A.B. asks: 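This is the structure, below, for whatever I ask next.
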Amino acid sequence: MVEQIPLTDEELEKLLAGGRGMRRGRVSYPILKMFIESGHKAVKLDIEGTKAYSRAQMLRQYAKEHNLPVKILVRQKQLYLVKAEEFPEEEPEEPIDITEESSEVEEAIEKKGEMEFK
Amino acid sequence: MKALIIVSTLYNARELWGTMKILKNNDIDFEVISLNKNCIIQDEEGPETIKIHGSVDDFILRTIEDFDALFIISGALKETMDHWHHKKIRRIVNRFNEQEKVIAAICCSVPTIRYVCKGKKVAFFPLAESRALLKDAGAVDSKMSLMIDGRIITAETQIATKPWAQMAADVINGKEVELKQDFAFDVDDLILEARIRRRRKR
């Protein structure tokens, strides 16, 4: 016989959430947790070469899924973690002023008038 | 030639830009207005904003004489539905109709012009509310993707933007317009065409 272990409500909730709540990430979790708790604004990880890109992809995915305030950058095959608060807030784009004739407006009409259907 | 475009504050970019391009290519000037008093509108799907010519509230009805056509363009459904019952917009639509000018509407914005569609065939996005309002106003469901009946030009969805706007532009410019009875969009073809274009770009 196989033993059946009843789940608590909390465990059941995590299970039904699709497993994401249960899975911590064998590699990503400790790296990001350590960085967030470190107090550093940015760190360079000891991963170089092409591996840096695949690791960055994995960390980005984990940070996105768990809504972590960390940006993952790769510069010259070197992997960096930077606190999201270090990035200046993106300024909203200036409105396209179609009330005045200009080459920019004409270009926008020409280009955006050909939007593709996804 | 000049057209007035009434658009939702959260606009449908494909309809708005597509229409502006067709008008420009046909040498038709245009003014764009919305319900937003600060004259800034935003793409319903993204951060892009546009500064437009004015607001519906500030629009002076007697200036309708300066225009040859009215275009109603949809966007976020809530405001598009607000247009259906907006008194000033109703007055603008009626005034364009009284002066026998071209009136064009697309997708969910078609019920906005229902007051001038009595006995006219229309194409519209088939929301239950749209169908009920148009039926009550005496409009006839053409069951087509694109329809022209006299000066009233309507289309079912944003996919029809180009032929719809081109048809309206042709009517404004006094060209003869013929609607093929078998006219219909093959959505699969359009999607396939878009995919091929994207692949070519890559």
Side-chain angles (χ1 to χ4, degrees), chain A residues 18 20 42 50-77 80-118, chain B residues 5 7 9 11-26 28-34 36 38-43 45-55 157-162 165-166 169 185-201:
Chain A
R20 280 181 187 170
T50 50
K51 205 176 175 188
Y53 291 95
S54 58
R55 190 58 59 83
Q57 189 69 16
M58 190 180 72
L59 290 169
R60 276 191 201 111
Q61 186 69 24
Y62 189 91
K64 189 180 171 189
E65 276 182 12
H66 294 79
N67 207 18
L68 300 178
V70 181
K71 298 260 187 186
I72 293 96
L73 306 175
V74 180
R75 297 286 183 270
Q76 295 174 335
K77 295 185 181 179
Y80 299 88
L81 304 182
V82 186
K83 295 265 171 72
E85 65 206 28
E86 298 304 318
F87 284 81
E89 281 188 24
E90 287 178 15
E91 286 187 18
E93 284 180 30
E94 280 287 303
I96 302 167
D97 186 354
I98 60 165
T99 62
E100 288 181 13
E101 286 184 19
S102 70
S103 57
E104 281 176 4
V105 174
E106 286 200 5
E107 197 179 304
I109 290 175
E110 196 60 36
K111 191 176 160 194
K112 294 172 188 289
E114 285 295 335
M115 281 185 182
E116 289 176 0
F117 293 95
K118 289 170 189 169
Chain B
I5 300 174
V7 65
T9 305
Y11 60 88
N12 179 315
R14 288 177 184 84
E15 290 177 11
L16 180 61
W17 287 109
T19 303
M20 291 196 294
K21 181 172 180 179
I22 297 281
L23 293 176
K24 182 176 160 279
N25 290 347
N26 286 272
I28 299 167
D29 292 334
F30 52 82
E31 277 190 23
V32 183
I33 60 173
S34 83
N36 194 357
N38 69 9
C39 304
I40 300 288
I41 58 174
Q42 186 179 342
D43 185 344
E45 291 179 352
E48 177 190 272
T49 53
I50 302 177
K51 186 183 176 197
I52 55 170
H53 300 81
S55 72
T157 67
Q158 59 174 354
I159 294 171
T161 301
K162 271 190 185 176
Q166 186 59 57
F185 294 102
D186 189 329
V187 175
D188 289 340
D189 277 357
L190 283 168
I191 293 169
L192 185 64
E193 197 183 308
R195 281 185 188 155
I196 291 168
R197 275 206 303 269
R198 271 202 293 274
R199 274 183 201 155
R200 277 182 192 154
K201 276 182 191 170

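Convention: sequence-line order gives letters A, B, ...; per-chain numbering from 1. Being a predicted model, the structure only gives us computed values, none of them experimental.
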A.B. asks: Look at atom CD of A:Glu101 and say whether more than 12 heavy atoms of other residues, nucleotides or ligands are closer to it than 6.0 Å.
C.D. replies: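 Atom CD in A:Glu101 is not packed in, count stays at 12 or less.
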A.B. asks: Closer than 4.0 angstrom, basic N to acidic O: yes or no for A:Glu110 and B:Lys24?
C.D. replies: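 A salt bridge is present here (some side-chain N lies under 4.0 Å from a carboxylate O).
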A.B. asks: Between atom CD1 of A:Ile96 and atom CD1 of B:Ile41, what is the distance when rounded to the nearest 0.5 Å?
C.D. replies: 10.0 Å
A.B. asks: Working to the nearest 0.5 Å, report the span between CD of B:Glu31 and OG1 of A:Thr99.
C.D. replies: 9.5 Å
A.B. asks: Can you see which heavy atom on A:Pro95 is nearest to which on B:Lys51, and at what distance?
C.D. replies: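 Answer, listing the atom of A:Pro95 first, then B:Lys51: CB-N, 3.9 Å.
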A.B. asks: When rounded to the nearest 0.5 angstrom, what is the spacing between CD1 in A:Ile109 and OG1 in B:Thr19?
C.D. replies: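 Nearest 0.5 Å value for the CD1-OG1 distance: 11.0 Å.
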A.B. asks: Checking B:Ile52 against chain A: side chain, backbone, both or neither under 4.5 Å from a heavy atom?
C.D. replies: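 Contact with chain A: backbone and side chain both.
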A.B. asks: Distance check, rounded to the nearest 0.5 Å: B:Ile50 atom CD1 versus A:Lys112 atom NZ?
C.D. replies: 8.0 Å
